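See structure below.
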There are 2 protein chains.
Amino acid sequence: MTIKTPGSPGTSQRVTSHDVSREAGVSQSAVSRAFTPGARISPEMRQRVFDAAQKLGYKPNAIARSLSTQRSGIVALIVGELHNPFYPQALSQFAQALEARGKRALLLTHDARQDIQETLDAASSYQIEAAIVFPTRLNSTAPSLGDVSQGGVPVLLFNRHLPGRELLSVACDNHSGGRLAAQVLLNSGARRLAFIGGDPDTSTHQDRLNGFVERLAESGLGPLATPSLSFRYDWGVQATLDLHAAGHLPDAVFGANDIIAIGVLDALRSLGRRVPEEVSVIGFDDIQESARLAYRLTTIRQPLEAMIEDALAALGDPQPGFGPRLHPGELIWRDTVRAATA
Amino acid sequence: MTIKTPGSPGTSQRVTSHDVSREAGVSQSAVSRAFTPGARISPEMRQRVFDAAQKLGYKPNAIARSLSTQRSGIVALIVGELHNPFYPQALSQFAQALEARGKRALLLTHDARQDIQETLDAASSYQIEAAIVFPTRLNSTAPSLGDVSQGGVPVLLFNRHLPGRELLSVACDNHSGGRLAAQVLLNSGARRLAFIGGDPDTSTHQDRLNGFVERLAESGLGPLATPSLSFRYDWGVQATLDLHAAGHLPDAVFGANDIIAIGVLDALRSLGRRVPEEVSVIGFDDIQESARLAYRLTTIRQPLEAMIEDALAALGDPQPGFGPRLHPGELIWRDTVRAATA
DNA sequence: CTGAAAGCGCTTACAG
DNA sequence: CTGAAAGCGCTTACAG
């Protein structure tokens, strides 16, 4: 791909601070100062520069500024597959939050075939100030990520944590969330509870499962089944169909995330099972889709805004500490869990 | 946000080509050449440089390179709201396609309150080579976009076109797609056809509607109703409910996109109407969700890959021409349109 | 093929 | 407050 120059080709010469300084009859330093927020410059000078800049259509070159200041203002956002709508939502909110802070988001993709380290290296050549990874493709078996922060740029895992690695991470308090899901289902009178899990190698999955099982145990129960595979709609459907075929249909299911829970709902419907009369279903995330008329899914919401703020705060903190930063989930009560029995 | 330096603070000094040249005992130009693909340099020299670079952990600074070469390798991706899953999909595929070409994607958001021109200006300070806008928030009343390409960077509208402006755009052939939808519905025996539209100010909406109406007219029919508002699920639901309340329930509906059509499906279901027995429904886009068990939506697929390739090709072309570049939609036959009557 | 040097467009001590 | 100058880390004619 090469650059083309539509419109007047002559105009395409980039106008620089030198051009402006000439036009305004001041030094080049002056024009630089005029465009630097806290700089020592008289209002008259600044105005004079602005007028000339306006006239010439001057815009400071952020690349040159980055080189000079040694701060790019760029944060890398690294995403894998986007099957789960939770991620696009997080992605765009991150981009906005970054912009609000005067930063820019460099979007990088990461697929299963490549080591995430390569992606990070590629990003770091742009002198990124931090990298936020949305680990749709990353589980605890991921290699070498532990070394990343050595390069000097902080890496933050969003919505997952890797135990024992020196990485920043922010996530929902999935363990408590798992407990909450169990609690809600138990309250509704359910006794045959199943968990349909996502990728078993992820902390997200594990924490939700452990919290769920822990709470069940406190009521003297164990899960009926905990089939787990991946955080995808198809899997939610499949697992439900399998359970049914095996004659193990539960009276309540906790889907490891909403997209799975929605699969469960669709499968149940195709099986002619009524929700919540025969089977209660609860999910996790509260993606937009869960509120739809066709689902009205009861779920545990991840406090996305708070998590994003916190992620950015952690990245800005010189001594953040490496444990996962946890945020409590919030129960969103809709129509897929039976009302509590009296 | 400031940079922190985890790990060994001493290590955080960026290693530059000078460090490498010193280590390798060669000139700085040599190390630059070693990292420049087509450069004239002997294999021995290159290897020597690579060894030193490896030892020091050197990575070329892309920011400095950009400044020097006057080519940033950065393409801006500008997105608005992401209610429609079509866009995240397009977004991540664009990012991948760009990476495959050695380019980087700068992600910018654009909300309704701000002029898109501001967003483009912000982007252009990073010396972007092109901007691709996903016009979820942009309709034909958008101001000033016509001036954008003056700045020297080509702007491409994805999935929409603005008549009469000198902008690149690639889109599906929505007019033919609208005709195709009408055709399919007519073949199924429908006679009372409605179109539930999106934002009436968009070319996407208009072209689909016009094609649809045109084909209907050829069969001596007119649309039963064409309520239009926005490309959102909620609107699909609402419009269907309204039609029903007004006693105008059609025997076939063409949803201006899949997300609307899915809303229609959900509303129909809540009304106790059977699809496709009582009402046929067809959508547009073929988002992943449309294939789900609960919907199995018959729809017209936008050839996303081809559109993305073409977009990148157009951006690389010095003389692209400004008409919209149209790609034919493909009928995806699933379960929401009645089989053709004999 | 290799090196010394100028230059990309800024920022920022340093003097005044 | 203002200007001249050095420097950020590369690339690329220009000589050799």
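Below, chains carry the letters A, B, ... as their sequence lines are ordered, and counting in each starts from 1. Small disclaimer: the values here were computed from a predicted structure and weren't measured.
In summary, the side chains of B:Arg160 and B:Thr204 do present a donor paired with an acceptor at a separation below 3.5 Å, with no hydrogens or angles considered.
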Should A:Val170 and A:Ile308 be marked as a side-chain contact (heavy atoms from CB on, under 4.5 Å) after you check the CA-CA gap, both sets of side-chain angles, and the distance that decides it?
CA-CA 8 Å; A:Val170 351; A:Ile308 290 174; over 6 Å; no

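In a base pair of the Watson-Crick type (N1 to N3 plus N6-O4 or O6-N4) or a G-U wobble (N1-O2 and O6-N3), with each distance short of 3.5 Å, D:dA4 is matched with no nucleotide. In a base pair of the Watson-Crick type (N1 to N3 plus N6-O4 or O6-N4) or a G-U wobble (N1-O2 and O6-N3), with each distance short of 3.5 Å, D:dA13 is matched with no nucleotide.
Note that CZ of B:Arg325 and CG of B:Leu157 are 14.0 Å apart. Values are rounded to the nearest 0.5 Å.
With salt bridges taken as basic N to acidic carboxylate O contacts below 4.0 Å, one links B:Glu309 and B:Arg101. Look at A:Arg22 and A:Asp19 and you find a salt bridge, because one of the NZ, NE, NH1 or NH2 atoms lies within 4.0 Å of a carboxylate O, short of that distance.
Taking a 4.0 Å limit (strictly below) on heavy-atom distances, residues 36-48 of chain A reaches DNA chain D at A:Arg40, A:Ile41, A:Ser42, A:Met45. A heavy atom closer than 4.0 Å to some atom of DNA chain D occurs in B:Thr16, B:Ser17, B:Gln28, B:Ser29, B:Ser32, B:Arg33, these being the qualifying members of residues 16-35 of chain B.
Contact check, A:Tyr58 against C:dC10: a side-chain N or O comes under 4.0 Å of OP1 or OP2.
Results of the side-chain contact (heavy atoms from CB on, under 4.5 Å) test with B:Ile78 over B:Ile132, B:Leu106, B:Leu120 single out B:Leu120 as the only residue that passes.
B:Tyr87 and B:Phe134 have perpendicular rings, their planes meeting at more than 60° on a 0 to 90° scale where under 30° would count as parallel.
Computed from coordinates, the A:Ile63 CD1 to C:dC10 C1' distance equals 11 Å when rounded to whole Å. The CD-P distance, from A:Gln127 to C:dC10, rounds to 19 Å in whole Å. Distance CG (B:Leu67) to C1' (C:dG7): 9 Å, rounded to an integer number of Å. Rounded to whole Å, the distance from CD on B:Gln70 to C1' on D:dC10 is 12 Å.
Here the closest non-hydrogen pair linking B:Leu107 and A:Leu77 is CD2-CD2, 4.4 Å.
Residue pairs satisfying the side chain to side chain donor-acceptor pair (under 3.5 Å) criterion with at least one member in residues 56-68 of chain B, sequence neighbours excluded, are absent.
For the C1' atom pair drawn from D:dG16 and D:dT12, the interatomic distance equals 16 Å after rounding to whole Å.
Contact of A:Ser68 with C:dG9 (side chain to base): no donor-acceptor pair of N or O atoms is detected under 3.5 Å.
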